[in-house]
Amino acid sequence: MSGDGVEGSDNKPKPKLKLYNYWRSSCSHRVRIALNLKGIEYEYVPVNLLKGENHSPEFLKLNPVGYVPVLVDEDFVLGDSFAILMYLEEKYPQKPLLPADLGKRALNYQAANIVGSSIQPLMNLGVVKFVDEMCGANEHIGLVQYYITKGFTALEKLLKDRAGKYATGDEISLADVFLAAQIYGAVKKFNTDMAPYPTLSRLNEAYNENPAFIDALPSNQPDTPATTS
Ligand SMILES: N[C@@H](CCC(=O)N[C@@H](CS)C(=O)NCC(=O)O)C(=O)O
């Protein structure tokens with residue numbers, strides 16, 4: 001969370017960005033990684049999903065769909081991690097997440113959207129609770145594991161001949177931000193065995209050595225419960 005504050009042309013420091021988020025939320029985790037990579041200071045505003053704070057009238061004014069993360073930049077309010085990442089990318093072009101090469105950029109969108117559309121939504125807290133209420137306690141586990149396997153299998157095939165040190169080359173890019181958060185969530189919450197995914201495992205090792213990724217980990221946030229390792 002370190003980095004230079006953003007200064008206006010009058011050199012007065014501008015108010016910090018606020019990130020409404022939750023330590024364990026993978027969508028929040030993505031945005032924390034990008035903020036750290038770009039060296040943007042922000043205020044961490046915790047929203048406890050287990051206590052349903054995301055359904056409060058105050059929070060729904062910020063994001064009518066009731067999900068974290070939400071970014072507040074002075075009087076501009078933006079929900080959805082993908083939208084936030086694109087906003088940050090344009091407003092803070094340092095350490096770009098989108099490669100200049102069109103094909104690589106498109107590959108980043110594809111990998112990010114496999115995570116953001118075909119894996120994470122199926123393991124979202126609301127979905128998990130709904131499935132368990134309809135089908136019985138812990139019935140969500142099989143469903144989530146199915147979609148993690150399907151998504152990771154696709155990502156492994158997609159990236160195995162294209163990855164460098166990072167997902168789409170030797171520079172960190174958008175796909176890495178999505179992958180790091182998704183792999184962490186799959187392993188920690190659903191005990192996913194990463195052995196069938198050697199490329200994803202290798203990328204995950206690179207993430208775990210990078211301070212911007214380490215500072216963004218769910219285990220390192222101000223609202224992380226003390227009992228969590
Ligand atoms: N497409 C949205 C999805 C946001 C989302 O699903 N957020 C989850 C946490 S990762 C959430 O707030 N879940 C609360 C719930 O399901 O009630 C994004 O990328 O920001």
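Start at 1 and go down the list; that is how both ligands and their atoms are numbered. Worth knowing before you read on, the calculation uses all heavy atoms, side chains too, and leaves out hydrogens, waters and symmetry mates.
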Exercise. Quick one: does H29 get within less than 4.0 Å of ligand 1, heavy atoms only?
Worked result: no
Exercise. Is S81 in polar range of ligand 1, meaning some N or O pair under 3.5 Å apart?
Worked result: yes
For this session: Determine, step by step, whether F76 and Y87 satisfy the ring pair (Phe, Tyr, Trp, His ring centres under 6.0 Å) criterion, reporting the C-alpha distance in whole Å, the side-chain angles of both residues, the deciding distance to 0.1 Å, and the verdict.
Result: CA-CA 11 Å; F76 180 64; Y87 176 79; 5.0 Å; yes
For this session: Could you list which atoms of ligand 1 come closer than 4.0 Å to a heavy atom of S26?
Result: 10 (S)
Seminar exercise, completed: Atoms of ligand 1 under 4.0 Å from any heavy atom of P69, numbered from 1 in the order shown, are 20 (O)
Exercise. Within the distance-only criterion (no hydrogens, no angle test), does the side chain of N113 pair as donor or acceptor with the backbone N or O of Y109 below 3.5 angstrom?
Worked result: yes
Seminar exercise, completed: Heavy-atom proximity to atom 17 (O) of ligand 1, picking from N54, L125, L49, points to N54
For this session: Between D80, V68, V70, flag the one that comes closest to atom 4 (C) of ligand 1 by a heavy atom.
Result: V68
Seminar exercise, completed: One should read off an interatomic distance between S28 OG and L71 CG, to the nearest 0.5 angstrom, of 11.5 Å
For this session: Consider ligand 1: state whether an atom of it lies below 4.0 angstrom from any non-hydrogen atom of K129.
Result: no
Problem set entry | H140 and F190 aromatic ring geometry - parallel, tilted or perpendicular at 30°/60° bounds | perpendicular
For this session: Work out which heavy atom in G66 is nearest to a heavy atom in L60; give both atom names and the distance.
Result: CA-CD2, 3.6 Å
Seminar exercise, completed: The reported gap from CH2 in W23 to CG in N48 (rounded to nearest 0.5 angstrom) is 10.0 Å
Problem set entry | For R30, the ligand 1 atoms whose distance to one of its heavy atoms is below 4.0 Å | 19 (O)
Exercise. What do we get for V127 next to ligand 1 when only non-hydrogen atoms under 4.0 Å count, side chain, backbone, both or neither?
Worked result: neither
Problem set entry | From K18, K16, K91, residue fulfilling side-chain hydrogen bond (donor to acceptor under 3.5 Å, both in side chains) relative to D73 | K91
Problem set entry | Residue, atom name and distance, where the atom is the protein heavy atom closest to atom 10 (S) of ligand 1 | C27 SG, 3.0 Å
For this session: Can you pull out the closest protein heavy atom to atom 9 (C) of ligand 1? Residue, atom name and distance to 0.1 Å, please.
Result: S25 OG, 3.5 Å
For this session: Look at the aromatic rings of H29 and Y184 and report parallel, tilted or perpendicular, splitting at 30° and 60°.
Result: perpendicular
Exercise. When you measure from atom 16 (O) of ligand 1 to every protein heavy atom, which one gives the shortest distance, and what is it?
Worked result: G126 N, 2.9 Å
Problem set entry | Proximity flag G116 to ligand 1, non-hydrogen atoms under 4.0 Å | no
For this session: Give the residue, atom name and distance (to 0.1 Å) of the protein heavy atom nearest atom 13 (N) of ligand 1.
Result: N124 OD1, 2.8 Å
For this session: Decide yes or no on side-chain contact (heavy atoms from CB on, under 4.5 Å) for L98 and M86, but give the supporting numbers first.
Result: CA-CA 9 Å; L98 294 176; M86 293 299 104; 4.0 Å; yes
